[in-house]
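Report on one structure; see the data block that follows.
Just so it is clear, the values below take in all heavy atoms, side chains as well, and ignore hydrogens, waters and symmetry mates.
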Amino acid sequence: MEQKTPKKRGRKALILTQDQINQVEYLAGLNMGVMDICRSLGISWSAFDKNRKKKQEINDALERGKAKGLTRATSKLMEKIEDGEFQAIQFYLKSADRERWAEKAEISHTLNLSEIISSANARIIEHKGDALPSAREEIDIKQLNKATKS
């Protein structure tokens with residue numbers, strides 16, 4: 001008697017094709033994050049992550065794409081610097097040598113806590129009498145209800 005093998009349940013595992021892996025590299029080169037790449041491919045993050053754990057090629061595609069994008073941006077920046085564009089030169093110097101070229105804002109502030117505390121105490125003492133109603137000002141709710149009904 002022939003024994004049947006049971007069918008596997010659930011969805012088939014999604015395996016990225018070579019075209020999709022190439023697209024991952026291209027999109028990573030555009031500095032897109034993993035979630036944006038997943039949305040672009042039309043797959044969930046968990047499916048992408050499972051594929052990434054199974055295939056080192058996907059991680060390599062992400063790294064290659066990021067490196068290509070950075071290389072492209074750096075070469076464009078260097079072209080602008082060679083053309084003498086001031087903003088490109090300034091950006092490069094601020095990024096490359098932060099110690100000497102970054103704009104630093106120094107904020108100096110003095111705070112006298114004793115004045116603040118004494119001022120707050122004076123306000124508390126001043127309004128302490130206002131917070132508690134005096135016996136003359138208390139209104140009987142029953143009297144108020146009788147007055148509004150008549």
Side-chain angles (χ1 to χ4, degrees), residues 9-148:
R9 295 184 178 211
R11 284 186 168 177
K12 285 186 176 181
L14 178 70
I15 299 172
L16 294 178
T17 64
Q18 188 59 46
D19 288 340
Q20 288 174 317
I21 294 172
N22 293 340
Q23 192 173 5
V24 166
E25 182 177 334
Y26 173 75
L27 295 173
L30 298 176
N31 200 26
M32 291 180 72
V34 174
M35 282 302 299
D36 293 325
I37 292 172
C38 292
R39 286 187 194 107
S40 179
L41 294 174
I43 62 173
S44 68
W45 180 86
S46 59
F48 182 82
D49 194 48
K50 286 177 186 175
N51 275 278
R52 189 166 56 169
K53 288 177 181 174
K54 288 179 184 177
K55 285 186 170 182
Q56 182 61 33
E57 185 182 5
I58 297 171
N59 278 328
D60 294 342
L62 277 170
E63 295 301 317
R64 272 193 317 273
K66 288 179 184 178
K68 285 180 180 179
L70 188 59
T71 302
R72 205 169 34 246
T74 304
S75 66
K76 290 291 183 186
L77 177 63
M78 289 301 160
E79 286 175 14
K80 298 282 186 183
I81 290 171
E82 288 169 4
D83 291 343
E85 285 194 28
F86 175 74
Q87 289 177 332
I89 295 168
Q90 186 180 27
F91 175 79
Y92 179 79
L93 289 173
K94 285 181 180 180
S95 299
D97 190 6
R98 292 179 190 261
E99 286 295 317
R100 294 189 336 184
W101 293 96
E103 295 174 10
K104 297 174 185 171
E106 289 187 30
I107 299 173
S108 175
H109 186 73
T110 55
L111 185 66
N112 189 347
L113 289 177
S114 62
E115 285 181 18
I116 294 171
I117 291 171
S118 62
S119 171
N121 283 336
R123 285 193 309 260
I124 291 171
I125 292 169
E126 184 180 304
H127 295 306
K128 201 170 192 179
D130 295 344
L132 299 173
S134 65
R136 287 185 241 144
E137 294 177 358
E138 290 183 19
I139 300 173
D140 188 13
I141 295 176
K142 291 179 183 178
Q143 290 176 354
L144 184 62
N145 285 338
K146 286 180 187 179
T148 55

Residue of the set Val24, Asn22, Leu30 for which side chain to side chain contact (heavy atoms under 4.5 Å, CB included) holds with Tyr26: Leu30
task: Keeping the roles fixed (side chain from Ser119, backbone from Glu115), state whether a donor-acceptor pair exists under 3.5 Å.
output: no
- request: Would you give the length of the straight line joining atom CE of Met32 to atom OG of Ser40, rounded to the nearest 0.5 angstrom?
  value: 5.0 Å
- line: Note: Asn51 and Leu14 closest approach over all heavy atoms is ND2-O, 2.7 Å
query: Are there more than 12 heavy atoms of other residues, nucleotides or ligands under 6.0 Å from atom CD1 of Ile107?
result: no
Donor + acceptor pair across side chains of Glu63, Asn59 (<3.5 Å): no
query: Which distance, rounded to the nearest 0.5 Å, do you find between the CZ of Phe48 and the NZ of Lys53?
result: 12.0 Å
- request: Assess whether atom NZ of Lys55 is packed by more than 12 heavy atoms of other residues, nucleotides or ligands within 6.0 Å.
  value: yes
task: Apply side-chain hydrogen bond (donor to acceptor under 3.5 Å, both in side chains) to Asn31 and list each qualifying residue two or more places apart in sequence or on a separate chain.
output: none
Considering only distance and modelled atom types, tabulate donor-acceptor pairs under 3.5 Å from the side chains of residues 81-91, sequence neighbours left out.
none

field: Residues forming a salt bridge (charged side-chain N to carboxylate O under 4.0 Å, His left out) with Arg64, sequence neighbours excluded
entry: Glu25
- line: Sorted by chain and number, sequence neighbours left out, side-chain hydrogen bond (donor to acceptor under 3.5 Å, both in side chains) with Ser114 holds for Asn112
Heavy-atom closest pair, residues Trp101 and Leu93: CB-O, 3.5 Å
Spacing of CG belonging to Leu27 relative to CG belonging to Leu41, to within rounding of 0.5 Å: 6.5 Å
Residues in side-chain hydrogen bond (donor to acceptor under 3.5 Å, both in side chains) contact with Lys94, at least two apart in sequence or another chain: Glu103
message: Rounded at 0.5 Å granularity, tell me how far CD1 in Ile58 sits from NZ in Lys50.
response: 13.0 Å
- prompt: Does Asp36 have any side-chain hydrogen bond (donor to acceptor under 3.5 Å, both in side chains) partners at least two apart in sequence or in another chain, and if so, which?
  reply: Arg39
message: Which heavy atom of Ser44 sits nearest to which heavy atom of Cys38, and what is that distance?
response: O-SG, 4.1 Å
task: Dump the intermediate steps for side-chain contact (heavy atoms from CB on, under 4.5 Å) on Arg52 and Val34, then the final yes or no.
output: CA-CA 11 Å; Arg52 189 166 56 169; Val34 174; 4.1 Å; yes
task: Rounded to the nearest 0.5 Å, what's the gap from NZ on Lys54 to CD1 on Ile15? Could you check?
output: 6.5 Å
message: Is the shortest side-chain heavy-atom distance between Ile37 and Leu62 below 4.5 Å?
response: yes
